[in-house]
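Computation of the quantities below employed the complete heavy-atom set of this structure, encompassing side-chain atoms and omitting hydrogens, waters and symmetry-equivalent molecules. By convention in this document, chain letters (A, B, ...) are assigned in the order of the sequence lines, proteins followed by strands, and residues within each chain are numbered from 1.
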There are 2 protein chains.
Amino acid sequence: MSRQGLSSVSSSKLADFVSVNPWQIRKDFSYFGDFGTRGVGYDIENLAKQIKKILKLDTTRKTALVGVGNLGSAIMAYTGFGTYGFQITAAFDNDPAKIGRKMNDVAVENISMLDTLGKRQVDMAIIAVPEQAAQDVADALVRAGVKGILNFSPRRIVVPKKIKVITIDIATDLARLPYYIP
Amino acid sequence: MSRQGLSSVSSSKLADFVSVNPWQIRKDFSYFGDFGTRGVGYDIENLAKQIKKILKLDTTRKTALVGVGNLGSAIMAYTGFGTYGFQITAAFDNDPAKIGRKMNDVAVENISMLDTLGKRQVDMAIIAVPEQAAQDVADALVRAGVKGILNFSPRRIVVPKKIKVITIDIATDLARLPYYIP
DNA sequence: TAGTGCTTGTGAACACAATCACAAAGTCAT
DNA sequence: ATGACTTTGTGATTGTGTTCACAAGCACTA
């Protein structure tokens, strides 16, 4: 909306957009403060800023990618991270053929260099390695001081409670579809 | 658990496994029937069967993959679909260089062949094409009679209400992490 | 067969979230 | 300045899901 040059938006417009009721939008916002102006609506620029602040998306964060296979390459090529202030500043693989290659201005490093992430202020990582390697990579990431992991392998990875892991398993997501199909 | 040779499991074991309370497990199951045996637990084989039935995962379903780039190739190579009875029986791309190539015993077809999916009893599809093409592909899939779509592009795709779409946007998922990081 | 130890299934109680209805506060035209 | 019109913010209400506590039921032993 901001890009479209709009400056303010009502709760009912937002509600339509995400398919909920207007009062749900207002109630939810009100738990965090008074973002809107009566009679006018919500200032789009400010609303986005406030929400980013609440979700802690108001600072840029350096992210590492582990595994530069098909999936990793797709992630590397993905352009949507900037919106949330993410920068992929490091990429790792264990395949000598890939190490040294540059993707999107990031040189692929040997996976043994994972330890250096802590010093490089990288606190998030994306795991895109084969299932068997996922746990080892996760362990290394934790040792390196990474605080959040996005795990694309279908393996349940075990980490200390302090570390947040979000797992995306394509099959599990796909498995949600049949329920809605007659 | 079944593969490990176990035959029955208690609600508290299941609860630990998914990090909830035992009574939550029992209550939830009880809404769908009496699956367990008092003093014993739940028969693993039967429980799995019942849950698959509830979630309509008890029949094999043919699925099409559209877009055989990096992401599509990663999906094609993924082995976890069998668990839920999914079979990727068709793959499409618009790149002549890829058409005809075989991946996992599936020949990549020209994207213009999407219309034929209806006759081939394919009722689910995975969209792994660049953002700009996502809506067009979705439209074609709907015309072909596909009932459920797993959308990997960050574009909100618009389809008739009857069609179920699940969108996986890597950036959105990654954006959930910072909230948990101090 | 009676007793002991588990584990399920569920009504009742409780906590939480969604919905409603409306006062408060702004805009705009006259 | 006033009145008509919008739109937010929120107490009150309603609805829904979670938690509890315990009776019911099964396995196993003696």
Q: Give the first and the last nucleotide of DNA chain C, reading 5' to 3', that has any atom under 4.0 Å from a heavy atom of chain A.
A: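 The footprint of chain A covers C:dA18 to C:dT27.
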Is there a donor-acceptor contact under 3.5 Å linking the side chains of [X] and [Y]?
X        : Y        : answer
A:Tyr78  : A:Asn104 : no
B:Asn151 : B:Ser153 : yes
A:Thr63  : A:Gln87  : no

Q) D:dT18 P sits how many Å from B:Ile25 CD1, rounded? A)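 After rounding, the gap between these two atoms is 11 Å.
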(Q) Within the supplied structure, the quantity of interest is the number of heavy atoms (other residues, nucleotides, ligands) at a distance under 6.0 Å from B:Glu131 CD; does it exceed 12? (A)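 Atom CD in B:Glu131 is crowded, with more than 12 foreign heavy atoms closer than 6.0 Å.
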Q: For D:dT19, take OP1 and OP2 only and decide whether either is under 4.0 Å from a side-chain N or O of B:Gln24.
A: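 It does, given that an N or O in the side chain of B:Gln24 lies less than 4.0 Å from OP1 or OP2 of D:dT19.
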Q: Could you check whether B:Tyr31 gets within reach of a base, just the sugar-phosphate, or nothing at all, counting any heavy atom under 4.0 Å?
A: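 Answer is base: heavy atoms of B:Tyr31 come under 4.0 Å of a base.
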Each nucleotide N or O in nucleotides 5-9 of chain D that has a protein N or O under 3.5 Å away: list the pair and distance.
residue, atom, partner, partner atom, Å
D:dT7, O4', A:Gly39, N, 3.3
D:dT7, O2, A:Gly39, N, 3.1
D:dT8, OP1, A:Ser11, N, 2.7
D:dT8, OP2, A:Ser11, OG, 2.6
D:dT8, O2, A:Arg38, NH1, 3.2
D:dG9, OP1, A:Phe35, N, 3.4
D:dG9, OP1, A:Gly36, N, 2.9
D:dG9, OP1, A:Gly36, O, 3.3
D:dG9, OP2, A:Tyr42, OH, 2.8
D:dG9, O4', A:Arg38, NH2, 3.0
D:dG9, N7, A:Arg26, NE, 2.8
D:dG9, O6, A:Arg26, NH2, 2.9

Q. For the residue pair A:Phe86 and A:Tyr84, does the interplanar ring angle fall in the parallel (under 30°), tilted (30 to 60°) or perpendicular (over 60°) class?
A.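 It falls in the tilted class, 30° to 60°.
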Q) Are B:Glu109 and B:Arg120 ion-paired here, with the side-chain N under 4.0 Å from a carboxylate O? A)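 So B:Glu109 pairs with B:Arg120 through a salt bridge.
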**Q.** Salt bridge flag under 4.0 Å for residues B:Asp123 and B:Arg61
**A.**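 So B:Asp123 pairs with B:Arg61 through a salt bridge.
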**Q.** For B:Asn110, all residues meeting side-chain hydrogen bond (donor to acceptor under 3.5 Å, both in side chains), sequence neighbours excluded
**A.**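 side-chain hydrogen bond (donor to acceptor under 3.5 Å, both in side chains) check on B:Asn110 returns B:Ser112.
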